[in-house]
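Step one of this worksheet: look at the structure below.
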Amino acid sequence: MIIALNNKSNLNKGEFINYLSQLNKIATKHKIILCPTFLNIPRANIENKNYLLGAQNVSSNSSGAFTGEISAEQLKEENVKYCIVGHSERRQFQKESLEEISSKIKKLQEQNIIPILCIGETKEEKEANKTIDVIKREILSAIEGQKNIEEIILAYEPIWAIGTGVIPKNEEIKKVISEIKKILPSNKVLYGGSCNENNIEELNKVTEIDGYLLGGISLKTNNLQELLLKCN
Ligand code: PGA
């Protein structure tokens, strides 16, 4: 399985160094993609060969006069192999547009960094039965004109499930993944949103899920270890 750890804007320098020493003790056969803050990326000395480095964001432009931005080229120099794109927190708080998300994917692919594209509906969209329309729109606009589309990893993250402790029913996840597969039959699909060591066994029954994108639990190494053991 692919397990992506989204640290979000957490773990100051000292905390991250301590976190990393805990993380390095967790042996796993799964592919773990650690996505720390930009500042923690160069500090991420990972000993376990199953762990790879990811970023949480990238500039939609190449290097140049774009104050405050980090380019895909710069991420590549830091050994970043994956990058989260279009997380709902960025779509909401940074007003990231569909066009920007598409440009970010292009910039990443030019540097051979694999995008992890987050898609998912709000509570209101779910209640209005618009889930499938939303995920289709987000996927189609992100992949239009891209090369190597089959390499993009999708992360289905219902916005109402992120950080809330509420997760969709397995049938709901299955339905969304089957719609994703109609557009992208060979792409890997992760599930994200309130995964923890208590609900992971239920989620694992959805055999269509190729892995998980973990937020809150990525920071709690004991709980994370328990979750990983249950994925074996
Ligand atoms: P959560 O976050 O696991 O804390 O719900 C997931 C995410 O935002 O990627």
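Indexing begins at 1, ligand by ligand and atom by atom, following the structure's order.
- Each of the following atoms of ligand 1 lies closer than 4.0 Å to a heavy atom of Lys8: 2 (O), 7 (C), 8 (O).
- The protein heavy atom nearest to atom 9 (O) of ligand 1 is Glu157 OE2, 2.7 Å.
- Proximity to Gly216 (heavy-atom distance under 4.0 Å) selects the following atoms of ligand 1: 1 (P), 3 (O), 4 (O).
- The pair Glu138-Arg91 meets the salt-bridge criterion, with a side-chain N (NZ, NE, NH1 or NH2) lying under 4.0 Å from an Asp/Glu carboxylate O.
- A heavy-atom distance below 4.5 Å is found between the side chains of Ile41 and Leu75.
- Residues Glu197 and Ile217 meet the side-chain proximity criterion, which asks for heavy atoms closer than 4.5 Å.
- The Gly193 neighbourhood of ligand 1 comprises atoms 5 (O), with distances under 4.0 Å to a heavy atom of that residue.
- Taking every non-hydrogen atom of Leu213 and a distance limit under 4.0 Å, the qualifying atoms of ligand 1 come out as 9 (O).
- The shortest N or O to N or O distance between Gly163 and ligand 1 is below 3.5 Å.
- At a threshold of 4.0 Å, the pair Glu179-Lys182 counts as salt-bridged, since one of the basic side-chain nitrogens sits closer than that to a carboxylate oxygen.
- For ligand 1, the atoms sitting less than 4.0 Å from at least one non-hydrogen atom of His87 are 7 (C), 8 (O), 9 (O), numbered in the order shown with element in parentheses.
- Taking every heavy atom of Gly215 and a limit of under 4.0 angstrom, the matching atoms of ligand 1 come to 1 (P), 2 (O), 3 (O), 4 (O), 6 (C).
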Do any side-chain atoms of residues 109-119 form donor-acceptor pairs under 3.5 angstrom with protein atoms, and if so which ones, sequence neighbours left out?
unit_1 : atom_1 : unit_2 : atom_2 : d
Gln109 : NE2    : Asn148 : O      : 3.2
Glu110 : OE2    : Lys106 : NZ     : 3.4

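- With sequence neighbours left out, Glu100 forms a salt bridge (charged side-chain N to carboxylate O under 4.0 Å, His left out) with no residue at all.
- Within the 4.0 Å heavy-atom criterion, the part of Asn6 lying near ligand 1 is the side chain and not the backbone.
- The closest approach between a heavy atom of Gly192 and any atom of ligand 1 is not below 4.0 Å.
- Comment: Glu127 engages Lys123 in a salt bridge, judged by a side-chain N to carboxylate O separation of less than 4.0 angstrom.
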